[in-house]
Every structure is written in structure tokens, then in C-alpha cells.
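These notes are about the structure you will find just below.
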Amino acid sequence: MASPRTITIIALSVALGLFFVFMGTIKLTPRLSRDAYNEMKQAYKSYVRALPMLKKMGVSSILLRKSIGALEVACGIVMTLVPGRPKDVANFLLLLLVLAVLFFHQLVGDPLKRYAHALVFGILLTCRLLIARQPEEQPPEKRILSVNGDEQPLIHEAPPEKGKMKVS
């Protein structure tokens, strides 16, 4: 049976992956929601206006929105479907992306309700990454205690005596 840690990582990976695929798709096309798509277009225009440095580098609001949307879709697919290390890389990239989006929201002075979802999903990405990077718990090894040259198992790991049950 899978450990609770594994189940948690899988559940977070799938949920976060699907969320970012959805949000990235909204940034890329109006097919899912025309209103949300138009709202994204306006938001990214305000981000580029607030950062004139982006304009000087030749980054338009369309390029910024589509780049972020494509990265969200790609990383969301990896988080949902690809096993192993690429999932952690996608998690890290999405975390950086969320931090950038939070910066943009702060830059234009958006109220908390406009970026609360980004905060929540940033926290979830952080939790998933921390859980995934923890080492897997190994079963405890039998430790030996040396007393006067005689090796004996530690008291709490001693095998139960015949006819007696070990209670933990």
C-alpha cells in the first residue's frame, strides 16, 4: 500500500497540475471563458504599463501573457502526468511564476481578493515541494548494544519472549 506521503504528493501534483493547465489555457484562448480571457488581457496590459523596463526589452502584454500561459500549461501537464524529478522541476518553475505574478499584483496595487488564489496556490506548491524533497522514511535498523563485549539488541527492540505478546 502507498504511504500517506506518496498519496499526498500524488494528490497535490494532480490538483495543482490541473489547476495550472486550466489557468494557462484561460490566458491562451477565450474558448473556456471569454470573460476571464478578457480580464487576463487587461491585467497583463496593466503589468506591462507598470514595468516600463519590459517595454524597453520588447516584451508586449500579449507576449508576456502567452509566455506565462504556455509555461503554466506545460508545467501543469508535467505535474499531472510525468513521474519523478521533472515533477519537482515543474513545481519549482510554477512557484517562481507564482512569485512573479504576486509581484505584478503588488506592483499595480491590486486588492487582496484579486490575487488571493495566487497566494493559496503558491503555498500549496511550496508544501508539495517540501514534502517531495523530504527523504523517504526507512524502516528502523536493528541496533546492537555492546555490553561488556557481549552484543545484545536494544531493550525496546528485543524480540518478545516465548508465549508473551509485544505491545507497542
Side-chain angles (χ1 to χ4, degrees), residues 1-140:
M1 182 170 159
S3 70
R5 177 183 173 273
T6 303
I7 293 169
T8 303
I9 291 171
I10 291 171
L12 278 172
S13 296
V14 170
L16 289 167
L18 291 176
F19 171 77
F20 281 103
V21 167
F22 177 72
M23 290 306 292
T25 304
I26 286 177
K27 289 177 178 82
L28 296 173
T29 180
R31 288 188 185 144
L32 292 179
S33 171
R34 185 165 297 282
D35 292 337
Y37 176 77
N38 290 332
E39 190 177 321
M40 291 288 179
K41 282 173 54 173
Q42 293 305 315
Y44 278 84
K45 284 180 184 175
S46 68
Y47 300 156
V48 170
R49 274 194 301 264
L51 272 176
M53 164 182 79
L54 289 175
K55 267 258 203 263
K56 289 178 185 173
M57 292 178 5
V59 177
S60 66
S61 64
I62 296 169
L63 179 63
L64 182 64
R65 178 176 44 85
K66 289 193 178 208
S67 299
I68 289 176
L71 188 61
E72 284 179 348
V73 168
C75 288
I77 289 170
V78 169
M79 290 274 296
T80 306
L81 301 174
V82 179
R85 186 97 170 131
K87 219 175 256 224
D88 292 342
V89 173
N91 191 149
F92 183 72
L93 289 174
L94 285 171
L95 189 55
L96 291 177
L97 202 59
V98 165
L99 291 173
V101 168
L102 288 171
F103 171 73
F104 287 145
H105 282 291
Q106 285 295 310
L107 191 65
V108 297
D110 282 340
L112 178 63
K113 69 179 185 177
R114 289 253 317 154
Y115 62 90
H117 70 282
L119 278 173
V120 170
F121 283 95
I123 292 168
L124 288 173
L125 284 167
T126 303
C127 290
R128 191 227 162 264
L129 194 60
L130 290 174
I131 293 169
R133 298 311 306 156
Q134 284 181 345
E136 189 76 35
E137 279 190 25
Q138 301 296 324

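No hydrogens, no waters, no symmetry mates; every other heavy atom, side chains included, goes into these values. Since we're looking at a predicted model, the values are computed, not measured.
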Minimum side-chain heavy-atom gap [X]-[Y] below 4.5 Å:
{"X": "Arg128", "Y": "Met79", "value": "yes"}
{"X": "Lys45", "Y": "Arg65", "value": "no"}
{"X": "Ile62", "Y": "Tyr44", "value": "no"}
{"X": "Met40", "Y": "Met23", "value": "yes"}
{"X": "Val108", "Y": "Phe104", "value": "no"}
{"X": "Gln134", "Y": "Leu130", "value": "no"}
{"X": "Leu94", "Y": "Phe19", "value": "no"}
{"X": "Tyr47", "Y": "Leu107", "value": "no"}

* Any idea how Phe20 and Phe121 line up, ring-wise: parallel (<30°), tilted (30 to 60°), or perpendicular (>60°)? -> perpendicular

Approximate separation, where rounding is to 0.5 Å, of [X] [atom1] and [Y] [atom2]:
{"X": "Leu51", "Y": "Leu54", "atom1": "CG", "atom2": "CG", "value": "5.0 Å"}
{"X": "Leu93", "Y": "Leu71", "atom1": "CG", "atom2": "CG", "value": "6.0 Å"}
{"X": "Asn38", "Y": "Ile26", "atom1": "CG", "atom2": "CD1", "value": "11.5 Å"}
{"X": "Ser61", "Y": "Arg49", "atom1": "OG", "atom2": "CZ", "value": "8.5 Å"}

* Mark yes or no for whether Asn91, through its side chain, and Lys87, through its backbone, hold a donor-acceptor pair below 3.5 Å. => no

* Asked: Between Thr29 and Thr25, is there a donor-acceptor pair closer than 3.5 Å when you use the side chain of the first and the backbone of the second?
  -> no

* **Leu125, Leu129, Leu124 screened by side chain to side chain contact (heavy atoms under 4.5 Å, CB included) with Leu12, the one that passes** => Leu124

* To do: Check Thr8, Ile7, Ile9 against Arg5 for a side chain to side chain contact (heavy atoms under 4.5 Å, CB included) and give me the one that passes.
  => Ile9

* Are more than 12 heavy atoms from other residues, nucleotides or ligands located less than 6.0 Å from atom OH of Tyr37? -> yes

* Residue pair Leu112, Leu119: steps toward the side-chain contact (heavy atoms from CB on, under 4.5 Å) verdict -> CA-CA 9 Å; Leu112 178 63; Leu119 278 173; 3.7 Å; yes

* Asked: Can we say Arg114 and Glu39 salt-bridge, meaning some charged N sits less than 4.0 Å from an Asp/Glu carboxylate O?
  -> yes

* Asked: Which heavy-atom pair separates Ala90 from Cys75 by the least distance, and what is that distance?
  -> CB-O, 3.7 Å

* Asked: Any idea which heavy atoms bring Gly122 and Leu95 closest together, and the distance?
  -> O-CD1, 3.5 Å

* **CA sep, side-chain torsions, deciding dist, call: Ile68, Lys27, side-chain contact (heavy atoms from CB on, under 4.5 Å)** => CA-CA 8 Å; Ile68 289 176; Lys27 289 177 178 82; 4.1 Å; yes

* Between Phe92 and Leu96, is a side-chain contact (heavy atoms from CB on, under 4.5 Å) present by the stated rule, with each step listed? -> CA-CA 6 Å; Phe92 183 72; Leu96 291 177; 3.5 Å; yes

* Determine, step by step, whether Tyr115 and Val101 satisfy the side-chain contact (heavy atoms from CB on, under 4.5 Å) criterion, reporting the C-alpha distance in whole Å, the side-chain angles of both residues, the deciding distance to 0.1 Å, and the verdict. => CA-CA 8 Å; Tyr115 62 90; Val101 168; over 6 Å; no

